[in-house]
Amino acid sequence: MSNLLSGLNPEQLAAVTLPAVPALILAGAGSGKTRVLTTRIAWLMSTGQVSAHGILAVTFTNKASKEMLLRVGAQIPVNARSLWIGTFHGLCNRLLRMHWRDAGLVEAFQIMDSAEQLALIKRLLKALNIDDEKYPPRDLANYINGNKEEGRRPAEVEAWDEYTGMLKQLYEEYERQCRREGVVDFAELLLRCFELLRDNAALREHYQARFRYILVDEFQDTNRLQYKWLKLLGGGGAAVFAVGDDDQSIYAFRGANVGNMRDFEREFKVDTLIRLEQNYRSQGNILDAANVLIAHNRGRLGKNLWTQEAAGEPIRVFEAASDFEEAQFIVEEVRQLNREGRALSDIALLYRSNAQSRVLEHALVQAAVDYRIYGGLRFYERQEIKHALAYLRLIANPDDDNALLRVINFPTRGIGNRTVETLAESARATGTSIWQAACGGGAGRSAASVGRFVLMIEGMRQEAAGLTLPEVVEIALTQSGLLELYRADKEGEERLENLGQLVSAAAVFIKEYEDDITQFLAHASLEAGDHEAAPGTDALQLMTVHAAKGLEFGAVFITGLEEGLFPHDNSASTAEGLEEERRLAYVAITRARQRLYITLAQSRMLHGQTRFSLASRFLNEIPENLLKWLNRGYAPSSAAKPLSSSRPDHGLRVGQNVEHAKFGKGVVVNYDGDGKNVNVQVNFGAQGVKWLILSALLPR
DNA sequence: TCAAAACTGATTTTT
DNA sequence: TCAGTTTTGA
């Protein structure tokens, strides 16, 4: 055990060895958060305070829960089955599978991903003859998910006019349809599990008595429903150990509520708040910059990172004339770093929005620098995989309309749109699934084709009964004609390969978990596979700042540090939005170990137009003594061209820097008029974009 | 039934 | 600008 605890700093040690009371651990970036979490689990078990059976550890991503399990396992022998470590959704799925009857679900309930949820909504609107321009499917999905994440069923939803009344009604219809099909969406997993525990005293007390220790990772990212779920489960006096960092809360837009941290302190009567402020990642200047920047936010729980490391290098700043030039600079610098011996995989290019990657990629391709982008298609999201899974879903639960519609005519088997619509209508009329309608005949002219499809699925189901999961997958691939289809397709080679991998995945699954189709499908829905760089190859890492959270690199480039882009225009108008942008910048800075670059461009191509902007206020918030400007006083180059070739005599130029007595520094975006009456549009960054008369401006 | 043409909207995203 | 979606037309 001394072994287990050795090397921990005093705060880490205090957190790891806390008694069985609710505690909030404020864990700064790079402060050894995961180590504290895993060591606490190992310590609790090795000291005999609790067995694996009594511990529940919750994370947000599969990646995090896998890592946690791995690292606990490295410290102490564990039985992965009795130790419940998983994502909120994964754990709720586990509980609902065990108690499906009490939860009011069908045994083989299927999990819809976001795309499937949207497809179901579109279908619903069509069936109900609702104008999808007045009620956009996306908005409706947000409305439904939003309500579920607040714990509200249709009955609890407020409606005050025709429009909101319709939304409420559609929410009801949506639920009815989900029930008919035996499917649940992601939010439903959480809400249904919450309600199960809330309404079933015996079950609630059972699990409250079982999980005496609950550990939560990334607590600042929890939404209201997840918080309520934790409160319910920990309500029996469990020691809830919440680890989080309010300064790294960057997911408010998807329902994360930082306020949960304060609520937790109050409602769980936390009197042990531990701050992990020693940073083991970044050098001094980088940490200083991060600390000063984040200090501009209000209402923080408060934290100041420090390090034993030296100050290190200053932060390098490069202001380019254009996004193109910014990319050129970065590529040159990356090559230089690489020549100096830094692996490409230890260098990251971070950006606020995905659109920025285009120019960077272009420059990288030209310079033949290997790179990887985070955020492509994941394994289980591939078309051929989705098709294969749809057949498996029909085997497990034929009432799943999404699955049926996806493959009833794929590969094509003479069941056209018309026929499908007839089936859907008759299903609608009788309140059943499309499968039921297909079984009942009445498909008009194409009755024969539909009948063959039904027989094929029935055949698969019967055969599946006696086979192992990988065998069932193979049957589905063969009998559906998917394999044949892709074999005939000269570009189907990669798809065939992926389908082969699906069979392997099924084989791995039954070894690690269970030989059960539904469980495998749940696994596929909850864990769509990762889309990060394939290990092995040394490649430069490109990603959004959001995607970089939790990662670290020797050298980091934060690009596009401009007003309007970072902070983004869409967020800068509210105090909360702006503070979240600042936290995002904080996350970006704290990714770097030794070297940090901040780059910006005076002009940038956006939505097909050249935009001129000023340096980000975040850059101005970093003290000058921490920065090293690589090209201060740089004159705008040819990228800034006059609007018209016939240059007016006032000498104004789009992209020109100007100054205003009240609004300060700005950049000319546009102008209008000639001679004496010239109006100029100026982008003043944080002060906004304004139209002014020329005489109000001074050139700079 | 498919491909071309027209249209639209563009911040961040895991489960 | 450009990618994704929907409409149109042969």
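FYI, side chains are in, hydrogens and waters are out, and symmetry mates aren't considered; it's all heavy atoms of this structure. Lettering of chains follows the sequences in order, A, B, ..., and the numbering in each one begins at 1.
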What nucleotide, of dT12(B), dT15(B), dA10(B), holds the atom closest to the side chain of S114(A)?
dT15(B)
Pair R179(A) + E188(A): basic N to acidic O under 4.0 Å:
no
Looking only at side-chain atoms of N570(A), point me to the closest of dT11(B), dT15(B), dT14(B).
dT11(B)
Students often get this wrong, so: under 4.0 angstrom with heavy atoms, is S525(A) touching a base, only sugar-phosphate, or nothing?
nothing
Could you check whether F253(A) gets within reach of a base, just the sugar-phosphate, or nothing at all, counting any heavy atom under 4.0 Å?
base
Contact under 4.0 Å: N62(A) side-chain N or O vs dT14(B) OP1/OP2:
no
When you measure from the side-chain N and O atoms of R138(A) to the phosphate of dA10(B), is any distance below 4.0 Å, counting only OP1 and OP2?
no
May I ask you to decide if the ring planes of F520(A) and H523(A) are parallel, tilted or perpendicular, using 30° and 60° as cut-offs?
parallel
Give the dot-bracket string for DNA chain B, reading 5' to 3', where a pair is Watson-Crick or G-U wobble with both distances under 3.5 Å, ( ) marks pairs inside the strand, [ ] marks pairs crossing earlier ones, | marks a partner on another strand, and . marks unpaired.
||||||||||.....
Pair Y486(A) + H387(A): ring centers closer than 6.0 Å:
no
Lys/Arg N to Asp/Glu carboxylate O, R406(A) vs D401(A), below 4.0 Å:
no
Nucleotide nearest M605(A) when distance is taken to its side chain, options dT14(B), dT11(B), dT1(C)
dT1(C)
From the options dT15(B), dT13(B), dT11(B), select the nucleotide whose nearest atom is closest to the side chain of R254(A).
dT13(B)
Can you tell me the distance, in whole Å, between the CD atom of Q226(A) and the P atom of dT14(B)?
14 Å
Is it the case that S616(A) and E562(A) place a side-chain donor and acceptor less than 3.5 Å from each other?
no
When you get a sec, tell me which of dT15(B), dC2(C), dT11(B) is the closest nucleotide to the side chain of R358(A)?
dC2(C)
NZ/NE/NH1/NH2 to OD/OE distance under 4.0 Å, R393(A) and D400(A)
yes
Please tell me which of the listed nucleotides, dT15(B), dT13(B), dT6(C), lies nearest to the side chain of K122(A)?
dT6(C)
Is D113(A) touching bases, backbone alone, or none of the nucleic acid, heavy atoms closer than 4.0 Å?
nothing
Does the pair E116(A)/K386(A) count as a salt bridge with the N-to-O cut at 4.0 Å?
yes
What about T87(A), does its side chain sit under 3.5 Å from the base of dT14(B) through a donor-acceptor pair?
no
Rounded P spacing from dT5(C) to dT12(B) in Å
15 Å
When all nucleic acid strands are considered with a 4.0 Å heavy-atom cut-off, which category describes D221(A): base, sugar-phosphate, or nothing?
nothing
Hey, is the main chain of F109(A) close enough, under 3.5 Å, to the side chain of R97(A) for a donor-acceptor pair?
yes
Say we look at dT11(B) and dT6(C): how far apart would their C1' atoms be, to the nearest angstrom?
25 Å
Selected nucleotide, minimal atom distance to T544(A) side chain, candidates dA10(B), dT13(B), dT15(B)
dT13(B)
Would you say dT15(B) has OP1 or OP2 under 4.0 Å from some side-chain N or O of N145(A)?
no
Taking CZ from F60(A) and P from dT14(B), how many angstroms apart are they, rounded to a whole number?
13 Å
